[in-house]
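One structure is given below, encoded as structure tokens.
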Amino acid sequence: MFVRRSAAVLAATAVIGTAFAPAALADESPGASPSQAFPSALYGSTDPTYDGVWRQSLALLAQDTVDVKPAKKSVDWLVGQQCESGAFAAYRPDPSAKCDAKTKVDTNSTAAALQALEALDASDAVTGAAVKWLKSVQNKDGGWGYFPGTPSDTNSTSVVIGALDAGDTDPKDVPSKDDRTPYDALLGLSVPCDETGGGAFAFQPDKKGKLAANADATAAGVLGALGEGLDTDPDEDGDDKASPKASQCVGGHPFTVEDAAANGALYLAGAVAKNGYLKSSLPGAEDQPDYGNTADTVVALAAAGRTADTEKPLAWLEKNSGTWAAKSGPAAYAQLIFAANATGTDPRAFGGADLVKQLGATGPAATSSDASTAPANGKSDEADASDEDDGGVSLWWIIGVGLVGGIGIGFLLSGRNKKQQP
């Protein structure tokens with residue numbers, strides 16, 4: 001994911017008539033007011049309008065990753081968010097109401113939910129419908145945009161690839177109407193080696209079709225190009241110190257999706273080599289560390305076999321990510337658990353913190369687990385919705401995004417900013 005992908009997902013489709021810069025303006029949404037009750041089955045306590053399905057999916061997937069069985073009602077809530085078409089919207093406050101043309105279903109929520117529900121062995125009817133819907137909204141270039149019919153972007157295409165793979169569907173066997181596969185779409189978003197940022201992935205082309213390197217998109221693109229989902233298991237064949245990885249960008253013909261993944265991983269390795277983290281730039285503000293993208297980068301590097309290159313950013317996260325995760329909530333804890341898992345690090349001893357318990361504390365108590373996996377202070381299945389403000393979660397949301405290319409479409413894969421400066 002991988003997106004991507006990361007803490008909160010937003011798709012604010014503010015089509016304001018002009019194209020947005022690839023950097024999104026992030027802000028915190030207010031927490032729930034005393035009179036505002038959100039479902040007790042939901043992880044996190046902030047307004048779920050833009051990220052309810054996303055953060056629930058990541059929370060459930062992360063718990064499954066560490067062998068914690070989530071509360072049944074939390075899984076049921078996620079299933080209940082699905083529309084009859086098989087698609088998911090970011091959040092449906094009234095699941096009993098049928099989806100209609102006004103229901104803003106999107107590829108990212110659907111793909112994240114599919115990955116989580118496949119891991120939790122949901123019924124074939126549920127997962128199969130999600131796969132069918134994703135196939136039905138594929139663009140002619142083989143990729144996907146955030147919303148059906150919007151131009152393909154690296155993040156959306158990659159999270160869908162991970163979902164298709166989770167659903168036992170080989171992305172290579174999913175051609176578009178123009179006989180293009182999802183991997184063809186990613187190849188078209190890989191920055192050529194002889195251009196600035198060569199080897200990285202762009203989020204989308206700009207108005208002139210030019211590709212600008214984007215670290216967030218690159219982390220997602222590497223996972224997508226490798227056919228991996230939001231979570232990936234550690235390489236059990238040993239670290240890459242004994243098997244050096246490419247030290248320069250590879251181009252030429254033929255240029256394969258494996259080449260694109262290797263190039264992207266090389267770019268990410270260089271981006272975190274100095275400080276151990278990626279930077280996020282907000283308009284008018286000084287550069288600041290981007291915790292979510294750094295966690296996603298660790299997962300991407302590990303998936304690409306560059307385990308030695310994960311050491312510095314992983315150590316930085318262990319030392320510095322605690323406050324960010326506590327503020328950002330369940331999806332942030334999930335991203336850190338994914339980073340720990342991908343590198344063979346114990347998420348219950350992550351820089352002195354137990355990520356599993358911290359994640360569990362943002363939602364209902366697990367259905368079953370032993371003492372070593374039980375989430376501390378997790379909410380019981382009987383917890384009232386009014387207790388949802390105990391998680392201290394902040395919803396990151398983006399106003400507009402998108403565009404690297406003249407498209408006024410709101411997009412957020414992980415609650416993080418799209419414009420990255422390594």
Side-chain angles (χ1 to χ4, degrees), residues 1-5 19-22 107-108 111 134-135 137-165 169-228 246 249-268 300 303-304 401-407 409 411 413 418-420:
M1 217 307 31
F2 34 175
V3 96
R4 48 226 218 40
R5 286 163 232 163
F20 291 98
T107 61
N108 286 230
L134 287 169
K135 289 181 179 180
V137 296
Q138 184 180 23
N139 290 332
K140 290 182 178 180
D141 64 3
W144 287 266
Y146 193 98
F147 292 106
T150 58
S152 299
D153 65 75
T154 296
N155 299 65
S156 298
T157 299
S158 296
V159 73
V160 172
I161 287 175
L164 292 174
D165 182 71
T169 300
D170 189 339
K172 292 180 180 178
D173 296 331
V174 183
S176 69
K177 293 179 180 178
D178 285 358
D179 203 31
R180 306 280 288 176
T181 73
Y183 294 125
D184 290 324
L186 288 183
L187 287 175
L189 292 164
S190 176
V191 181
C193 294
D194 58 357
E195 296 183 10
T196 302
F201 284 90
F203 175 63
Q204 288 174 328
D206 64 17
K207 292 180 179 179
K208 297 181 179 179
K210 188 174 179 60
L211 301 175
N214 182 303
D216 180 25
T218 302
V222 169
L223 289 177
L226 293 171
E228 296 283 351
C249 188
V250 176
H253 299 282
F255 182 62
T256 68
V257 70
E258 291 79 13
D259 292 331
N263 286 349
L266 177 63
Y267 175 87
L268 291 174
V401 164
L403 165 199
V404 176
I407 301 160
I409 146 184
F411 170 87
L413 177 62
K418 292 298 164 207
K419 184 177 180 181
Q420 302 295 329

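A donor-acceptor pair is defined here as one N or O able to donate and one able to accept, closer than 3.5 Å; no such pair exists between the side chain of T169 and the backbone of D165. Using modelled atom types, no side-chain atom of N139 and backbone atom of G142 make a donor-acceptor pair closer than 3.5 Å. Counting only distance, with no hydrogens or angles, the side chain of D178 and the backbone of D141 share no donor-acceptor pair below 3.5 Å. A donor-acceptor pair under 3.5 Å is absent between the side-chain atoms of T181 and the main chain of P175, judged by distance alone. Proximity of a side-chain donor or acceptor of S176 to a complementary backbone N or O of K140 within less than 3.5 Å is detected.
Between V137 and P148, the closest heavy-atom pair is CG1-CB, 3.8 Å. Shortest non-hydrogen contact noted between N108 and S156 is ND2-OG, 2.9 Å. Closest non-hydrogen pair, A111 versus V159, comes out as CB-O, 3.5 Å. Of all non-hydrogen atoms in P171 and P182, the two that sit nearest each other are O-CD, 3.2 Å. Shortest non-hydrogen contact noted between L266 and C249 is CD2-N, 3.5 Å.
No side-chain heavy atom of S152 sits under 4.5 Å from any side-chain heavy atom of Q204. Using a 4.5 Å heavy-atom cutoff, the side chains of S190 and T154 are not in contact. The shortest distance between side-chain heavy atoms of I161 and L186 falls below 4.5 Å. Residues R180 and Q138 form no side-chain contact, since every pair of their non-hydrogen atoms from C-beta on lies 4.5 Å or further apart.
In this structure, CG in D153 is found 8.0 Å from CG in L189, a value given to the nearest 0.5 Å. With rounding to the nearest 0.5 angstrom, the CG atom of D179 is 8.5 Å from the CG atom of D184. The CG atom of L223 lies 7.5 Å from the OG atom of S158; values are rounded to the nearest 0.5 Å.
The residue from Y146, F201, F203, W144 that alone fulfils the side chain to side chain contact (heavy atoms under 4.5 Å, CB included) condition with N155 is F203.
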### Query
Can you list the steps and then say if L187 with F255 is a side-chain contact (heavy atoms from CB on, under 4.5 Å)?
CA-CA 8 Å; L187 287 175; F255 182 62; 3.7 Å; yes
